[in-house]
Novice: 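Sending over a structure as structure tokens; questions will come in a sec.
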Amino acid sequence: VQLQAYGGGLVQAGGSLRLSCAASGRTSGRYVMGWFRQAPGKEREFVAAVRWSGGSTYYADSVSGRFTISRDNAKNTVYLQMNKLKPEDTAVYFCAAGDVFITTRVTEYDYWGQGTQVTVSS
């Protein structure tokens, strides 16, 4: 499975961005797709996840109500709509795929995209 994340950029606080993650290769309906982020000097942290099959979603408390994860099965693409962005959302965002039901754990994701930078100015 190959993943390519894009859509990052520079935005002012309160603004919005939409990230996309295009999946190719041997994708599977049993996979969970996740978004993670990593700020300088910090560990990679879970942001949101969605299952290819059924569309169940899960969010980190820090983004719940502001971010929405969705998927387009026909396009093999997962999206992360980010609204009401805050400076603390600044990080490199990664998409990942894992052969599990749904999980927030970095170690349970098998495939990773290259990351896309999101910078939120105050």
Side-chain angles (χ1 to χ4, degrees):
V1 176
Q2 293 80 45
L3 304 174
Q4 184 172 7
Y6 55 96
L10 173 64
V11 64
Q12 289 187 333
S16 299
L17 279 175
R18 188 177 80 158
L19 305 183
S20 301
C21 176
S24 60
R26 299 183 66 179
T27 57
S28 170
R30 69 176 184 266
Y31 281 170
V32 61
M33 299 295 296
W35 283 99
F36 289 78
R37 65 187 182 186
Q38 188 166 17
K42 295 187 177 181
E43 293 186 351
R44 192 167 298 189
E45 66 174 4
F46 171 79
V47 174
V50 63
R51 285 188 55 78
W52 274 123
S53 176
S56 298
T57 58
Y58 190 77
Y59 297 91
D61 289 342
S62 59
V63 306
S64 182
R66 299 187 298 123
F67 292 9
T68 302
I69 189 170
S70 62
R71 89 273 191 241
D72 184 329
N73 290 27
K75 295 182 178 179
N76 269 2
T77 300
V78 175
Y79 304 99
L80 184 69
Q81 177 66 44
M82 305 185 294
N83 298 328
K84 300 179 181 179
L85 283 161
K86 305 175 181 180
E88 51 263 44
D89 294 318
T90 295
V92 177
Y93 283 70
F94 299 88
C95 63
D99 190 7
V100 294
F101 178 72
I102 201 160
T103 180
T104 65
R105 298 179 179 178
V106 171
T107 55
E108 295 192 16
Y109 286 81
D110 305 302
Y111 306 98
W112 291 84
Q114 81 285 6
T116 184
Q117 176 71 46
V118 171
T119 302
V120 184
S121 62
S122 57

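Atoms considered below: every heavy atom in the structure, side chains included; atoms not considered: hydrogens, waters and symmetry mates. Please read these numbers as outputs of a predicted model, since none were measured by experiment.
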Novice: What is the minimum heavy-atom distance between T77 and K75, and which atoms define it?
Specialist: OG1-O, 2.9 Å
Novice: Is there side-chain contact between V78 and W35, with heavy atoms separated by less than 4.5 Å?
Specialist: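 A side-chain contact under 4.5 Å exists here.
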Novice: Among residues at least two apart in sequence or on other chains, which ones pass salt bridge (charged side-chain N to carboxylate O under 4.0 Å, His left out) with D110?
Specialist: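 Not a single residue meets the salt bridge (charged side-chain N to carboxylate O under 4.0 Å, His left out) criterion with D110.
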Novice: Rounded to the nearest 0.5 Å, what's the gap from OH on Y109 to CE on M33? Could you check?
Specialist: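 If I round to the nearest 0.5 Å, the distance is 9.0 Å.
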Novice: Please list every donor-acceptor pair under 3.5 Å in which a side-chain atom of residues 54-63 meets a protein atom from a residue at least two apart or in another chain.
Specialist:
residue : atom : partner : partner atom : Å
Y59     : OH   : I69     : N            : 2.9

Novice: What is the distance from atom CZ of R71 to atom SG of C21, rounded to the nearest 0.5 Å?
Specialist: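 These two atoms lie 14.0 Å from each other.
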Novice: Report, one line per pair, each donor and acceptor closer than 3.5 Å where one atom sits in a side chain of residues 115-122; sequence neighbours left out.
Specialist:
residue : atom : partner : partner atom : Å
T116    : OG1  : G8      : N            : 3.1
Q117    : NE2  : A91     : O            : 3.4
Q117    : NE2  : T119    : OG1          : 3.3

Novice: Can you sort out the partners of W52 under ring pair (Phe, Tyr, Trp, His ring centres under 6.0 Å), two or more places apart, ordered by chain and number?
Specialist: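 Scan of W52 (ring pair (Phe, Tyr, Trp, His ring centres under 6.0 Å), adjacent residues dropped) gives none.
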Novice: Which residues satisfy the side chain to side chain donor-acceptor pair (under 3.5 Å) test with D72, sequence neighbours excluded?
Specialist: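 In terms of side chain to side chain donor-acceptor pair (under 3.5 Å), with neighbours along the sequence ignored, D72 is linked to no residue.
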Novice: Does anything in residues 5-22 form a side chain to side chain donor-acceptor pair (under 3.5 Å)? List the pairs, not counting sequence neighbours.
Specialist: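 Of all non-adjacent pairs touching residues 5-22, those that pass side chain to side chain donor-acceptor pair (under 3.5 Å) are S16-N83.
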Novice: Restricting to non-hydrogen atoms, name the atom on A97 and the atom on L3 that form the minimum distance, rounded to 0.1 Å.
Specialist: N-CD1, 3.7 Å
Novice: Could you list all the side chain to side chain donor-acceptor pair (under 3.5 Å) pairs where at least one residue sits in residues 91-103, not counting sequence neighbours?
Specialist: R30-D99, R37-Y93, T103-E108
Novice: What is the distance from atom CZ of F67 to atom CG of L17, rounded to the nearest 0.5 Å?
Specialist: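 Reported value, rounded in 0.5 Å steps: 9.0 Å.
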Novice: By side-chain contact (heavy atoms from CB on, under 4.5 Å), which residues pair with V106, not counting sequence neighbours?
Specialist: F36, R44, W112
Novice: Excluding sequence neighbours, so at least two apart, what forms side chain to side chain donor-acceptor pair (under 3.5 Å) with R51?
Specialist: none
Novice: Spell out, yes or no, whether V11 and V47 are grouped together once hydrophobic residues are joined by side-chain heavy atoms under 4.5 Å, including indirect joins.
Specialist: yes
Novice: Which residues satisfy the side-chain contact (heavy atoms from CB on, under 4.5 Å) test with K84, sequence neighbours excluded?
Specialist: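 With sequence neighbours excluded, K84 shows a side-chain contact (heavy atoms from CB on, under 4.5 Å) to R66, given in chain and number order.
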Novice: Apart from Y79 itself, what residues make up its hydrophobic cluster when side-chain heavy atoms of I, L, V, M, F, W and Y under 4.5 Å apart count as a link, directly or indirectly?
Specialist: none
Novice: Please name all residues satisfying side chain to side chain donor-acceptor pair (under 3.5 Å) with Q4, sequence neighbours left out, ordered by chain then number.
Specialist: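 Expected list: none.
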